[in-house]
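Keep in mind the model is a prediction, meaning the values are calculated, not measured.
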Amino acid sequence: MKKAYGFVVLTAFLFGTMEVACKVAGNQLDPFQLTFIRFAIGGILLLPFAAVELHKAHIRLTGKDILRLAGVGILGISLSMMFFQLGVSNSNASTASVLISINPLFTMVFAHFFTSEKLNRHKFIVLGFGLLGIIFMIRPWDVQEGNTVIGIVYMLLAAIFFGAYTIAGKVSAQKLGIMAQTSISFILGSFVLLIMMLIMGKPVVAGVADNLPLVIYISLFVTGLGYFSYFMAIKCSDAATGSLAFFLKPAIAPVMAVIFLHETILWNTYLGIGLILVGSYLNIRYQKKDKDTSEKDLEGELEELEEEREEGFAEGERLPKHHEN
C-alpha cells in the first residue's frame, strides 16, 4: 500500500500543477493547439503499456471497439478537455482547478440514468456538499476578479463532459483495460480535435518551439506521467484509493496558483474548497462502505448456497437406497 500512496501523492502533485501550467501556456498558445498536443503526446506515451495490457489479455481490437473508443475520446478530449482549457484561460487557475474536480458529481448523475449505480441517500449528501462548494467557489452574487461568467460556464461544461466520459469509458475499460482505453481514446480524441483545428484554421505547431519547456512539462509530466501514476495507484490498491489524488488536488492547486500566478484566495474560495473536500471524502468513504457491504452480501450468499448444498447431500444420504433384484 505504501507504493500505492506514493503514486497517489505524485498524481495529486502533477494534477495539482495542471491549471497553473495550462494557464501560463494558454497565454502563449491557442487553447485548441495546447489540448491537441498534450493529449496526443500523453496518449502515445501510454500506448506501449496499453499494448502490453491488450497482449496479456489476448484482446484484438475490432472496428466496433475503435468506434466506441473514438466516441469516448470525443467526450473526454475534443469536448471536456477543450472546454477545460478555454475555462482555464477565462478564469483563475484556483477556481478552475476546484471546479474540474467536481466531475465525480456529474458521474453519479450520469451513472444513475445509464448504469445500475443508482442515486441513494449517501450520494445525495455528497451532491449537496459539492453543489454548495460550487456556489461559494463561483460566488455568483459578486464574481471574484480574474473569474468570468463564460470561464465558469466552460469549466462546468468540462466537468459535465468528463463525467459523461467516465461513464462511457467504463464499458470499454472493462473489456480492454483502463490503460488501453485511456491511451487509445486520448489519441483518437486528439485526432478528431486536429480535424476540427484544420477546419477552423487553428495553428498546429506554430509557437511550440518558443514554449517548449512548458509544452514538455504539460504533455510528458502532467498528462503522460500523471495518468500513468494514477493508473499505477489503482493497480497497486483499488479505484477508491486511486481517487484520493482528486481529493488532494483541490487543496494543492490553489496553493500553486498563489505561488506562481500570485492569485488572491478569498474566504469564499477556502469555504468552497472545504465543502468540496468534505464531499470528496464522503464519496470515497461511501464507495468503500458500499464495496465492503457488497462483498459481505456475496460472502453470505455463497455461505447459504454451501449450506444448502451440504444439506442436500445429507438428505440424500438419509434416503433409503433401492436395490434392483
Side-chain angles (χ1 to χ4, degrees), residues 7 10-11 14-15 17-19 21-22 25-26 29-55 57 59 61 64-86 88 100 103 107 158-159 161-198 202 204-205 208 214-235 239 242 245-246 249:
F7 282 121
L10 178 59
T11 303
L14 290 170
F15 285 176
T17 63
M18 179 167 58
E19 286 77 17
C22 286
L29 299 170
D30 183 86
F32 284 79
Q33 179 187 26
L34 183 58
T35 304
F36 161 69
I37 291 172
R38 79 184 188 98
F39 282 100
I41 293 176
I44 291 169
L45 285 175
L46 295 174
L47 194 57
F49 304 101
V52 170
E53 191 174 62
L54 291 172
H55 179 72
I59 294 172
L61 293 176
K64 189 176 180 181
D65 292 329
I66 297 296
L67 286 175
R68 182 182 290 116
L69 288 169
V72 172
I74 290 170
L75 283 172
I77 312 306
S78 310
L79 291 173
S80 177
M81 289 299 101
M82 190 60 254
F83 281 125
F84 168 80
Q85 187 58 46
L86 290 170
V88 169
I100 192 63
N103 70 80
T107 301
F161 278 113
F162 199 86
Y165 161 80
T166 302
I167 295 300
K170 277 192 173 184
V171 175
S172 52
Q174 288 171 354
K175 178 184 177 182
L176 307 175
I178 193 168
M179 194 76 79
Q181 186 267 137
T182 303
S183 172
I184 299 169
S185 68
F186 276 13
I187 293 170
L188 293 175
S190 298
F191 179 71
V192 172
L193 189 57
L194 175 62
I195 294 172
M196 292 168 60
M197 290 166 61
L198 294 174
K202 298 285 185 180
V204 178
V205 295
V208 172
L214 264 177
V215 172
I216 289 174
Y217 178 74
I218 294 170
S219 303
L220 299 185
F221 291 92
V222 174
T223 307
L225 181 59
Y227 277 95
F228 175 78
S229 179
Y230 171 58
F231 297 140
M232 289 303 295
I234 293 174
K235 187 176 181 181
F246 295 97
K249 172 183 161 64

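Residues Ser185 and Tyr165 are in side-chain contact: their nearest non-hydrogen atoms beyond the backbone lie under 4.5 Å apart. In this structure, Phe228 and Met179 have side chains that are in contact, with non-hydrogen atoms separated by less than 4.5 Å. Residues Glu19 and Phe84 form a side-chain contact, since some pair of their non-hydrogen atoms from C-beta on lies under 4.5 Å apart. Side-chain atoms of Leu176 and Leu61, non-hydrogen and from C-beta on, do get closer than 4.5 Å to each other. The side-chain heavy atoms of Gln33 and Met197, taken from C-beta on, include a pair separated by under 4.5 Å. Side-chain contact between Ile184 and Leu188 is present, with at least one heavy-atom pair separated by less than 4.5 Å. Between Val215 and Leu29 the shortest side-chain heavy-atom distance falls below 4.5 Å. Between Met82 and Ile77 there is no side-chain heavy-atom pair separated by less than 4.5 Å.
With values rounded to the nearest 0.5 angstrom, Ile216 atom CD1 is found 8.5 Å from Ile41 atom CD1. Here Arg38 contributes atom CZ and Ile218 contributes atom CD1; the two are 7.0 Å apart, rounded to the nearest 0.5 Å.
Of all heavy-atom pairs spanning Ala180 and Ala50, the tightest one is CA-CB, 3.4 Å. The two residues Thr35 and Gln85 have their closest heavy-atom pair at OG1-CB, 3.4 Å.
Between Phe221 and Tyr217, the ring planes are parallel. Angles under 30° get that label, and only those over 60° would be called perpendicular.
Using a distance-only test at 3.5 Å, with no hydrogens or angles considered, no donor-acceptor pair links the side chain of Ser219 to the main chain of Gly42. Within the 3.5 Å criterion, the main-chain N or O of Phe32 finds no donor-acceptor partner in the side chain of Lys202. A donor-acceptor pair under 3.5 Å links the side-chain atoms of Ser183 to the main chain of Leu47, judged by distance alone. A donor-acceptor pair under 3.5 Å links the side-chain atoms of Thr166 to the main chain of Phe162, judged by distance alone.
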Original post:
Could you go step by step and tell me if Phe15 and Tyr227 meet the ring pair (Phe, Tyr, Trp, His ring centres under 6.0 Å) rule?
Top reply: CA-CA 9 Å; Phe15 285 176; Tyr227 277 95; 5.1 Å; yes

